[in-house]
Amino acid sequence: MLFICFYICSHRNLRVGSTFVTMIPGGQSLVSSPPVFSHDGKKLLVCTGCTISIFSTSTGMKITELEGGHTDRVTSVVVVPVAVPSSKFISYCWTSSIDGTICYWDFSVPELIKKVKVQLPIHSMVIPNISCTPIGSSEKTYNLYAFISVEDLTISADENKAFRGQIQIYNLTKSQRVRGLLAETRKPQLLSVSKNGEFLGVTNKRKLDIWKIPSDDFRIDEIKKIKLHHTKKLTAFAFHPKLRMVAGGDVTGRILIWIGFGRRKFSGDSQATDKKMNLTDEEKPGVRNNDDADSCSTWHWHPSEIKFLSFSSDGAYLYSGGKEGVIVVWQVDTGKKKFKPRLGSPLLYFTESPDPSLSCVTCADNHIHLLKMPTMEITKSIAGIKLPFSYPVGHKGLCTQVAYDETAGLIAVLTEDYCVQFFSLFDNHEVSQVQVCKRNFQPVDDVTLYVALVSVSLDGSLMGTVDVKIPEDGLGGLVSLKFWKRGSRIAEYSLSTVVYEPHSDAEISSLAFRPGHCMATTSSFGGDFKVWIHNSDIKLNDQLHQRTGWRCQSVGSYKGRPMTAAAFSADGSVLAIGAECVVTLWDPDSNVLVAVIGDTHSPITSLSFIGNSEYLASLTGGSTPQLAVLSTSKLRLSWSYKLVAEALSSSRDTSQFAVLVLLNSQDEVDVKENGVILLFDVEDPVPVATWMVKKAKGGSLAFVPANPSFDEIKAIDGEKPSLLVYVNGDHEYIIFDPHNMDNRIGKSSQTSQIALEETGMFGYASIYGDLSNLNPKQDQVPEITFPPSERPWETIFNGSSHVLPPLTKLCSTFLASLIEKKPSMNER
């Protein structure tokens with residue numbers, strides 16, 4: 001039995017003994033940390049798990065990624081500025097990670113240049129004096145200092161009022177830490193620095209801590225600090241790019257503007273300090289606790305917590321955003337505002353580009369929108385896989401957030417804004433979105449409508465969805481079953497039929513399509529299941545009547561028991577319905593009960609026929625969870641395990657199936673974090689292979705056909721076997737070959753999606769083209785073709801410059817032409 005441990009990250013090679021396990025990762029979050037623009041604004045650097053993905057701002061396509069430097073989530077990116085236009089082709093950046101390292105990259109290559117080990121998880125990093133020493137500058141260079149917010153893991157999180165967060169300083173030039181701590185916090189905080197690197201700030205509950213950072217070499221005790229107080233918890237802040245002004249946002253949606261902060265302590269003028277100490281509250285309007293600021297004003301529009309604040313590059317405007325999904329643009333001088341509404345998701349970050357006509361906003365639904373300024377028109381969107389969302393209380397067990405179009409290699413993800421997102425597993429990008437409910441989504445509203453189920457037919461031509469309107473005070477509830485038909489393009493669906501209340505007032509427990517037929521079945525907790533068929537054009541009395549759409553062909557039930565799961569056999573001849581604790585087998589055409597199998601102690605939650613075999617696998621939940629394999633020919637239990645299973649999937653071309661199992665069911669924390677994938681041969685209860693995984697709670701499995709571009713997959717009986725996809729509870733996924741012990745598969749085709757304008761050559765190569773790859777060890781040098789002449793030195797350099805051979809090839813011929821040739825004996 002092969003035992004392998006999987007951690008979803010960007011690692012494509014894991015060593016197990018002497019074997020390398022290669023996987024394709026995908027579905028990484030694009031919104032875990034703020035993105036950063038390159039110094040010319042043509043690229044956007046995004047933290048994606050353990051890597052940094054680089055996108056073109058003109059096309060929104062992924063160019064390349066920085067990988068191999070970090071082993072855990074990347075938390076910060078700091079781009080090194082350039083001083084002169086001649087340095088525009090140089091692109092360097094610093095990154096930090098939870099793995100406790102700081103890396104220095106050349107992201108134009110890309111290449112890892114340097115790594116600094118901190119040994120503590122880094123949650124945030126800024127480099128204040130990086131703007132003082134840009135690349136290409138002739139001014140004096142200083143040591144580069146990184147201010148990092150780290151987590152001290154030696155302090156228990158259970159300790160009352162424990163300070164696990166620390167702000168440390170590292171000398172990146174010398175790769176060593178500066179002694180002492182700048183500050184301690186209850187937990188690691190997000191650091192922010194002013195544009196000129198003069199001020200550093202962090203939110204500390206109801207206070208804003210600000211330090212003035214010297215530009216030259218310094219000691220920690222030389223750094224001065226002030227505090228600005230507020231009555232509510234602060235959640236975001238930003239420094240003005242030119243004035244001594246700072247804006248802070250709180251949990252209630254208010255924005256505070258402090259003007260002239262730090263004039264007493266940061267000025268260094270003792271006489272001015274004494275005068276300022278005697279100012280009254282009337283002389284410092286809005287300032288609390290005699291804080292070191294001239295005034296403080298308050299703006300209020302947001303109804304909930306402020307997520308970001310950002311000043312424009314000229315300081316004339318302040319951008320704010322939060323849960324309501326609206327960007328508010330404040331005029332700093334007057335306080336007047338305008339809006340960019342309907343972004344469809346809570347907002348997290350706002351990032352300005354060195355190009356004043358470009359900015360980006362990061363949304364909580366794993367999307368980054370590139371904005372044309374100042375109109376804030378969305379020009380491009382970088383779409384990741386939609387993240388999981390919470391269902392209303394009492395409805396979570398009735399929902400399925402993902403389905404698979406196995407033929408096309410797509411995953412269908414239900415979204416909070418009433419859509420189904422189709423996401424390419426192999427290319428790691430969004431293909432399309434289908435709007436299930438025609439209704440505007442407001443993130444701040446209470447949930448009154450949600451999409452509960454989605455199912456896609458085996459060939460991807462049909463899709464079914466179930467949306468539920470929650471009743472208010474017991475009235476107004478509605479369940480809608482919708483059938484969709486695919487158009488000419490993959491993952492583009494149009495609505496075919498809507499069925500209101502398909503099972504009266506009962507919730508739908510499952511939805512499945514019959515392979516090779518326009519037939520589907522739905523089961524309900526109300527005690528019945530229905531078989532639906534699609535009508536085509538009907539010809540009556542030599543006239544063609546248009547009666548297309550889906551209708552109910554038959555209804556079935558078994559002793560009034562709740563119908564909890566449904567599945568068709570591979571050839572579609574048998575329909576299996578889970579009737580609470582037993583499995584009933586039906587003829588889908590005649591709706592005749594064929595047999596009843598099994599008798600579990602808990603309700604059945606999932607059914608799946610194993611390939612073309614006679615076996616059927618079932619999962620049960622509740623207090624006595626079980627995995628059972630049933631024989632449909634012998635009508636009895638073949639074998640079973642008592643385990644807590646989250647998902648089940650069977651291969652279409654083999655007699656194997658995979659089960660996602662939750663570990664340590666007695667410990668709720670471990671259940672959410674750890675799981676195991678078991679691969680079984682249907683006739684053998686001993687697993688063929690086992691893979692440990694993270695974040696198994698809410699995860700799913702699927703077998704998908706191998707991508708034709710993966711040449712490294714070993715063929716079985718002349719055909720490439722299916723690959724196994726594991727999607728964790730955060731919708732991150734990995735694709736691997738469960739049949740190959742080496743598990744080597746090719747790299748995802750997404751890396752070839754390079755924006756055309758980003759593949760241009762620079763420097764000498766941009767003018768004359770690439771030099772040939774010379775090998776000095778070669779015995780023979782290709783001849784240079786030109787017409788022979790009695791005076792060869794006059795023709796050697798004739799011709800267009802762009803076709804001129806390199807000088808290394810011309811040298812020997814040129815020198816030979818200058819040497820007078822000695823006549824031979826025959827010529828005398």
Side-chain angles (χ1 to χ4, degrees), residues 122-132 142-152 161 163-171 177-231 233-241 243-250 256-277 279 284 286-296 309:
I122 305 173
H123 290 259
S124 181
M125 177 184 70
V126 295
I127 308 177
N129 66 338
I130 196 168
S131 59
C132 300
Y142 302 97
N143 286 329
L144 208 57
Y145 291 95
F147 289 70
I148 56 177
S149 176
V150 300
E151 183 177 7
D152 188 354
K161 298 182 180 180
F163 287 87
R164 288 172 60 89
Q166 298 178 354
I167 301 179
Q168 299 181 358
I169 305 176
Y170 260 79
N171 187 327
R177 178 187 168 186
V178 179
R179 292 186 178 182
L181 294 176
L182 184 65
E184 288 184 301
T185 56
R186 295 286 173 84
K187 60 181 181 179
Q189 299 291 333
L190 183 66
L191 304 177
S192 182
V193 67
S194 61
K195 187 175 181 180
N196 59 3
E198 185 179 3
F199 301 107
L200 170 72
V202 63
T203 57
N204 185 6
K205 292 187 176 180
R206 299 179 181 181
K207 301 186 295 292
L208 183 60
D209 297 339
I210 300 177
W211 293 268
K212 184 177 182 181
I213 309 300
S215 59
D216 206 342
D217 294 343
F218 57 86
R219 300 192 309 270
I220 285 186
D221 55 6
E222 297 176 345
I223 301 177
K224 298 179 181 180
K225 172 186 175 182
I226 65 169
K227 294 184 178 181
L228 301 176
H229 293 79
H230 184 40
T231 58
K233 181 182 177 181
L234 293 168
T235 56
F237 73 100
F239 290 102
H240 194 279
L243 305 177
R244 189 166 286 194
M245 176 190 299
V246 63
D250 65 14
L256 289 83
I257 306 294
W258 286 278
I259 299 176
F261 67 88
R263 293 191 188 276
R264 293 203 307 258
K265 193 164 186 178
F266 294 160
S267 64
D269 188 346
S270 59
Q271 294 182 356
T273 299
D274 294 338
K275 293 179 180 178
K276 290 289 183 180
M277 287 290 289
L279 292 178
K284 298 195 299 181
V287 179
R288 296 175 176 85
N289 296 1
N290 197 27
D291 287 342
D292 191 358
D294 294 345
S295 65
C296 180
L309 291 171

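Here, residue 1 is the first one in the sequence, and each next residue gets the next number.
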(message) Main chain of Ala236, side chain of Thr203: is a donor-acceptor contact present, judged purely on distance under 3.5 Å?
(response) no
Value for CD1 (Ile127) from OH (Tyr145), rounded to nearest 0.5 Å, stands at 13.0 Å
Sorted by chain and number, sequence neighbours left out, ring-ring contact (aromatic ring centres under 6.0 Å, His included) with Phe237 holds for Phe239
* Asked: If we only count heavy atoms from C-beta on, is the Arg264 to Asn290 side-chain gap below 4.5 Å?
  -> yes
Measure from the side-chain N and O atoms of Ser149 to the backbone N and O of His123, and report whether any donor-acceptor pair falls under 3.5 Å. no
Q) Just by distance, do the side chain of Asp292 and the backbone of Lys227 share a donor-acceptor pair under 3.5 Å? A) no
Hits for ring-ring contact (aromatic ring centres under 6.0 Å, His included) against Phe199, two or more places apart or cross-chain, chain-then-number order -> Phe261, Phe266
Within a radius of less than 6.0 Å around NZ of Lys187, do more than 12 heavy atoms belonging to other residues, nucleotides or ligands occur?
-> no
* Asked: Backbone N or O of Gly262 within a donor-acceptor pair of the Lys224 side chain at under 3.5 Å?
  -> no
Residues at least two apart in sequence or cross-chain that pass side chain to side chain donor-acceptor pair (under 3.5 Å) with Asp209, listed by chain then number, are Asn204
Between Pro214 and Ile223 the two heavy atoms that sit nearest each other are CD-CG1, 4.2 Å
Sequence neighbours excluded, the answer for salt bridge (charged side-chain N to carboxylate O under 4.0 Å, His left out) partners of Glu151 is Arg164
Exercise. Start with the C-alpha gap between Glu184 and Asp152, add the side-chain angles, then the distance that decides, and say whether side-chain contact (heavy atoms from CB on, under 4.5 Å) holds.
Key: CA-CA 10 Å; Glu184 288 184 301; Asp152 188 354; over 6 Å; no
Side-chain contact test, heavy atoms from C-beta onward, threshold under 4.5 Å: evaluate it for Leu228 versus Ile210 and give yes or no. yes
Using side-chain heavy atoms (C-beta onward) and a distance below 4.5 Å, is Leu181 in contact with Ile220? no
d(His229 NE2, Leu208 CG) to nearest 0.5 Å is 10.5 Å
Nearest heavy-atom contact between Asn171 and Val178 is N-CG2, 4.3 Å
Partner of Leu182 under side chain to side chain contact (heavy atoms under 4.5 Å, CB included), picked from Ile148, Ile167, Leu191, is Ile167
Exam field: side chain Asp291 to backbone Ala293, donor-acceptor pair closer than 3.5 Å:
no
Heavy-atom nearest pair, Cys296 first then Leu256, reads SG-CD2, 3.8 Å
Discussion item. Treating Asn129 as the side-chain partner and Gly197 as the backbone partner, does any N or O pair qualify as donor plus acceptor under 3.5 Å?
Written reply: no
Applying ring-ring contact (aromatic ring centres under 6.0 Å, His included) to His230 and not counting sequence neighbours gives none
Nearest heavy-atom approach of Thr185 to Gln166 is OG1-N, 4.3 Å
Report yes if some heavy atom in the side chain of Arg186 is under 4.5 Å from a heavy atom in the side chain of Phe163; otherwise report no.
yes
Heavy atoms of Ser124 and Leu190 approach each other most closely as OG-CD1, 3.6 Å
Rounded to the nearest 0.5 angstrom, the NZ-CG distance for Lys284 and Asp294 is 8.0 Å
Residue set satisfying side-chain contact (heavy atoms from CB on, under 4.5 Å) with Arg206, at least two apart, ordered chain then number -> none
Heavy atoms of Pro128 and Ile213 approach each other most closely as CB-CG2, 4.3 Å
